[in-house]
Colleague: 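One structure coming up, written as structure tokens, with questions to follow.
Chain A is the first sequence line, chain B the second, and so forth, proteins listed ahead of strands; every chain is numbered from 1. As the structure is a prediction and not an experimental result, all values here were calculated from the model.
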Amino acid sequence: MNEHIVKSYEEELTQLAAEVARMGGLAEAQVASCIEAVAKRDVKLAEAVVARDERLDAMEIEIDARCTRLIALRQPMANDLRRTLAAIKIAGNLERCGDMAKSIAKRALQLAETEPLTPLTGPIQRLGKLVNGRLHQVLDAYTSSDVDRAVAVWSSDHEVDEHYNSLFRELLTYMMGDPRMITACTHLLFVAKNLERIGDHATNIAEVIHYELTGTPLNTPRPKGAAV
Amino acid sequence: MNMTLSHVTLGHADAVPEGAPIKVKAAGVNVFYGNKQALFDVSLNMLDRAVTALIGPSGCGKSTFLRCINRMNDTIVGARVEGLIEIDGENVNDRSVDPVLLRSRVGMVFQKPNPFPKSIFDNVAYGPRIHGMTKNKTELADRVEAALKKAGLWAEVSDRLNSPGIGLSGGQQQRLVIARAIAVNPEVILMDEPCSALDPIATARIEELIDELRRQYCIVIVTHSMAQAARVSQRTAFFHLGKLVESGSTEAMFTNPLDPRTQDYITGRSG
Ligand SMILES: Nc1ncnc2c1ncn2[C@@H]1O[C@H](COP(=O)(O)OP(=O)(O)OP(=O)(O)O)[C@@H](O)[C@H]1O
Ligand SMILES: [Mg+2]
């Protein structure tokens, strides 16, 4: 793509994308940490995740402010306009991912006080890895302006649903088998649900990237796992 | 051969309804100034009751194209126009068409407001008088008043119709010129950078006026302000080096242009 004639405008757009990428990096780290906190029953790590969430909120506000300024002062058009809008939307989705990570971290704090559910740690970690992998891939697609990569994330959305559904059934089996496990299982159920929603945000971000890069919405029917 | 890209119109409150009638049709238009060709095979439909914005870098032929529509190029020595320009299906270059009558059907507003050195009243009355459009003084006065009202100028000048038009502010003069153009009941209004000499408030007034007028007329406007083109028009056409590169709904042109040259131009990139 050719450069803008006004250099400071080009720089502002570049900085905006860099800021979104930085926010993405932090969101990804938050998600990775909260999963680890659950798996390792790490209270310190969980508390750190809860405390760090403010940074993501602040970054979203900063990105919104940058975009508002850009729209008011530069009147971006065409692909520049789509880039600006994409930054706002992606930041919104990342902020929600941060909220999910924070709730998971709070569950980790409570789970640390219950009996460990060792057989379920593996499946939860796998779901977490899958979801964070999607977040990572979609953020890569963003920084490298790679529409194919975004579409790949978008069209593999069902994998998360399948994982989530099987984990859900497993948790139910445990709860029915031993009512003393209901508390811990319920916490894990929320953890799984939150992870699944992070996966949805990754899908949303993929749609935003597609629109940003092509100007057309991603709207062919997406493969869907069975709903629970 | 027509290589011009064209958009599918999107659903949009401001969009021109699908199948809106074509008021002005240009097909295969070439213009030469002496040996130099200024327009190359331009084909563009301009819809009735809609604003079409012509955009493009300086010297790309926007004014030249505009002048084809009311045959103003006839007045330029050495200028030659080929191809078809139709208004309501009638070829404007047909020998039976009287250029003076044509110019009463196709009004034109220029970059610099150009009121005649006459009173406000006489400026607006000029067209109806030379075309003999009114039977008596009251009819003429009514027509002048109606045109000034339509141009949004009446409230500001009704108490000084006999003072000179050139005594008005730039923005008022531009509205006076628009009143003069609409006093003869034109069908098409051509505007060549009508706001480039005006401040933001006067510009907003003209833009509001354009939006009012487009409910009744076919308006074609040349502007160097992308924001203005986006604000006032429903259709946009991008010219580059004498060729029409791309045309379509303004919304599509400014959110997702198809041609990289259009994209570079409207986003301020060097092509
Ligand atoms: N009267 C003329 N005699 C000779 N050449 C002309 C004449 N008018 C325009 N041209 C040439 O034709 C080409 C198109 O000019 P035109 O005025 O239509 O461009 P434009 O798009 O309106 O530019 P601008 O945005 O600067 O008004 C230019 O190369 C110009 O030099
Ligand atoms: Mg011009």
Side-chain angles (χ1 to χ4, degrees), chain A residues 1-18 20 66-90 141-142 145-148 150-151 154 204-220, chain B residues 5-12 14-15 53-60 195-196 200 203-204 207 223-241 245-271:
Chain A
M1 202 186 304
N2 288 315
E3 298 230 318
H4 285 96
I5 296 162
V6 179
K7 287 201 185 60
S8 54
Y9 180 24
E10 185 76 28
E11 275 160 27
E12 276 174 39
L13 282 166
T14 310
Q15 278 169 18
L16 177 64
V20 173
R66 272 177 193 272
C67 293
T68 307
R69 209 156 51 221
L70 213 103
I71 291 168
L73 304 182
R74 306 286 189 188
Q75 289 108 37
M77 294 277 191
N79 57 338
D80 296 336
L81 179 60
R82 301 200 306 267
R83 247 163 107 181
T84 309
L85 295 178
I88 299 177
K89 289 189 152 187
I90 293 174
Y142 176 73
S145 300
D146 185 341
V147 73
D148 294 335
V151 173
W154 182 81
N204 291 347
I205 294 173
E207 287 171 1
V208 173
I209 295 170
H210 188 274
Y211 181 72
E212 176 197 354
L213 298 176
T214 67
T216 53
L218 244 179
N219 54 6
T220 42
Chain B
L5 297 168
S6 201
H7 283 280
V8 181
T9 312
L10 301 171
H12 166 39
D14 223 28
L54 310 182
I55 61 170
S58 202
C60 68
C195 300
S196 59
T203 298
E207 288 181 1
T223 173
H224 279 133
S225 158
M226 296 306 96
Q228 178 169 68
R231 285 193 300 264
V232 303
S233 72
Q234 288 74 49
R235 314 275 305 168
T236 297
F238 172 64
F239 285 74
H240 186 67
L241 300 174
V245 171
E246 180 171 356
S247 72
S249 85
T250 296
E251 178 180 317
M253 290 284 284
F254 284 102
T255 55
N256 194 15
L258 301 176
D259 193 287
R261 287 167 293 178
T262 319
Q263 174 122 311
D264 282 348
Y265 181 70
I266 67 175
T267 60
R269 289 179 169 84
S270 51

Colleague: If you look at every heavy atom in B:A230 and A:M77, which pair is closest and at what distance?
Modeller: CB-CE, 4.2 Å
Colleague: Test A:N79 against B:R269 for side-chain contact (heavy atoms from CB on, under 4.5 Å), laying out the working first.
Modeller: CA-CA 11 Å; A:N79 57 338; B:R269 289 179 169 84; 3.6 Å; yes
Colleague: Looking at every heavy atom in both A:A78 and B:T267, which two are closest together, and how far apart are they?
Modeller: CB-CG2, 3.8 Å
Colleague: Measure across B:N256 and A:T214 and return the closest heavy-atom pair with its distance rounded to 0.1 Å.
Modeller: ND2-O, 3.3 Å
